[in-house]
Structures are given as structure tokens and as C-alpha cells.
Amino acid sequence: VQLQASGGGLVQAGGSLRISCVVSGGTFNRYVMGWFRQAPGKEREFVAAISWSGGNTDYTDSVKDRFFIARDNTKNTVQLQMYSLQLEDTAVYYCAADDGSGWPVTTEYDYWGQGTLVTVSS
């Protein structure tokens, strides 16, 4: 299973950005999909997750009502739409897939992408 994230870039504080992840080599609608991020000098943290059909979503508190996760099971993609970006959102964003742990995922995700860098400037 391969995950390819894209869409990162430089954006001003208060701006918006959408990042995407394409999954290949597996059965996409089996996976809970998640986004994580790692800021410089910090540990990786959970950002958002979406269940198999998209009926359930979960967000870390710091991005609630600013970030929105969505998936398209016909295109094997998951997106993270980010609004009102803040300097603290600067990080490498990783998409991940979990196969079979249920909802919500409480264990380590099974598959990881390579990450896409989001830089928020003042």
C-alpha cells in the first residue's frame, strides 16, 4: 500500500490550503484515513481522521472548526481542507491508513505517506 501526499506550500497566516493524499495498492474503503503532522522540534501529532464511509470524523482540538477532512472512495483520495491557518500549523503533514482497528483508531496506523510541508508565514 502506498500513500502519496501533495498540496503543501507556503501560505500567509489566516489563509487557506488543501492537501491531498492518494492511496494505491490496497482496498481504500477498508481503511480509516488520518492526517498527522510534525512541527520542527516536536513530536508527531494527530490532526484528523475519517472513517471508512466518511460518516465519522475526528479532530484534535486545536484544528476543530478550521480543518475539515473528507474522502472520495471512488478516487482513493483523502483531503484536508485547512482554513484560518496559524503560524502554529506549520509542519510536515502525513497521511496514514489504518486497516482493521475499528473506530476510532487507538493504535498505530498501518501505512504512512512521505509527508507534505505546510509553512504558514506572518
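Because only heavy atoms are used, hydrogens play no part in the values below, and waters and symmetry mates are left out as well, while side chains stay in. Keep in mind it's a predicted model, so treat the numbers as computed, not measured.
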side-chain contact (heavy atoms from CB on, under 4.5 Å) assessment of S20 paired with V78:
CA-CA 6 Å; S20 298; V78 59; over 6 Å; no
Report all side-chain donor-acceptor pairs from residues 24-32 shorter than 3.5 Å, counting only partners two or more places apart or in another chain.
residue, atom, partner, partner atom, Å
R30, NE, D99, OD1, 3.3
R30, NH2, D99, OD1, 2.8
R30, NH2, D99, OD2, 3.4
Y31, OH, T27, N, 3.3

Does CD belonging to Q2 count more than 12 external heavy atoms closer than 6.0 Å?
no
Please assess L17 against L85 for the test side-chain contact (heavy atoms from CB on, under 4.5 Å), listing each intermediate value before the final yes or no.
CA-CA 8 Å; L17 194 67; L85 282 160; 3.9 Å; yes
State, to 0.1 Å, how close Y93 and D89 come at their nearest heavy-atom pair, and which atoms those are.
OH-O, 2.6 Å
What distance separates Q114 CD from S6 OG, expressed to the nearest 0.5 Å?
8.5 Å
Output yes when a side-chain donor or acceptor of D110 lies under 3.5 Å from a complementary backbone atom of G100, and no otherwise.
no
Interatomic distance, F46 atom CZ to R37 atom CZ [nearest 0.5 angstrom]:
11.0 Å
Inspect the contact between R44 and E108 and indicate whether a charged nitrogen and a carboxylate oxygen are less than 4.0 angstrom apart.
yes
If hydrophobic clusters are built by linking Ile, Leu, Val, Met, Phe, Trp and Tyr wherever their side-chain heavy atoms come under 4.5 Å apart, do V92 and L87 end up in the same one?
no
Tell me whether the rings of Y83 and F68 are parallel (<30°), tilted (30 to 60°) or perpendicular (>60°).
perpendicular
Parallel, tilted or perpendicular: which describes the rings of W112 and Y94, with under 30° parallel and over 60° perpendicular?
perpendicular
Intermediate values then yes/no, side-chain contact (heavy atoms from CB on, under 4.5 Å), D98 and M33
CA-CA 6 Å; D98 183 86; M33 297 300 302; over 6 Å; no
Please assess M82 against S16 for the test side-chain contact (heavy atoms from CB on, under 4.5 Å), listing each intermediate value before the final yes or no.
CA-CA 5 Å; M82 302 180 288; S16 302; over 6 Å; no
Treating Ile, Leu, Val, Met, Phe, Trp and Tyr as nodes and any side-chain heavy-atom pair under 4.5 angstrom as an edge, say whether F67 and I19 lie in one connected cluster.
yes
Heavy atoms of S51 and G55 approach each other most closely as OG-N, 3.4 Å
Backbone N/O of T107 and side chain of S101: donor-acceptor pair under 3.5 Å:
no
Under 4.5 Å between side-chain heavy atoms, hopping through other hydrophobics if needed: is there a path connecting V105 to L80?
no
If hydrophobic clusters are built from ILVMFWY residues whose side chains come within less than 4.5 Å, do F36 and W103 share one?
yes
Within the side chain of T60, is there an N or O that forms a donor-acceptor pair under 3.5 Å with the backbone of V47?
no
For G54, is there any backbone N or O sitting under 3.5 Å from a side-chain donor or acceptor partner on R71?
no
Is there a donor-acceptor contact under 3.5 Å from the side chain of T90 to the main chain of T119?
no
From D58, N56, I69, residue fulfilling side-chain contact (heavy atoms from CB on, under 4.5 Å) relative to I50:
I69
Here the gap from Q12 atom CD to L10 atom CG, rounded to the nearest 0.5 Å, amounts to 8.0 Å
Closest heavy-atom contact between T77 and Q79?
OG1-NE2, 2.9 Å
Heavy-atom donor-acceptor pair, Q4 side chain to V23 backbone, under 3.5 Å:
no
Quick one: pull up CG in N76 and CG in L3 and give me the separation to the nearest 0.5 Å.
10.0 Å
Note: A49 and Y109 closest approach over all heavy atoms is CB-OH, 3.5 Å
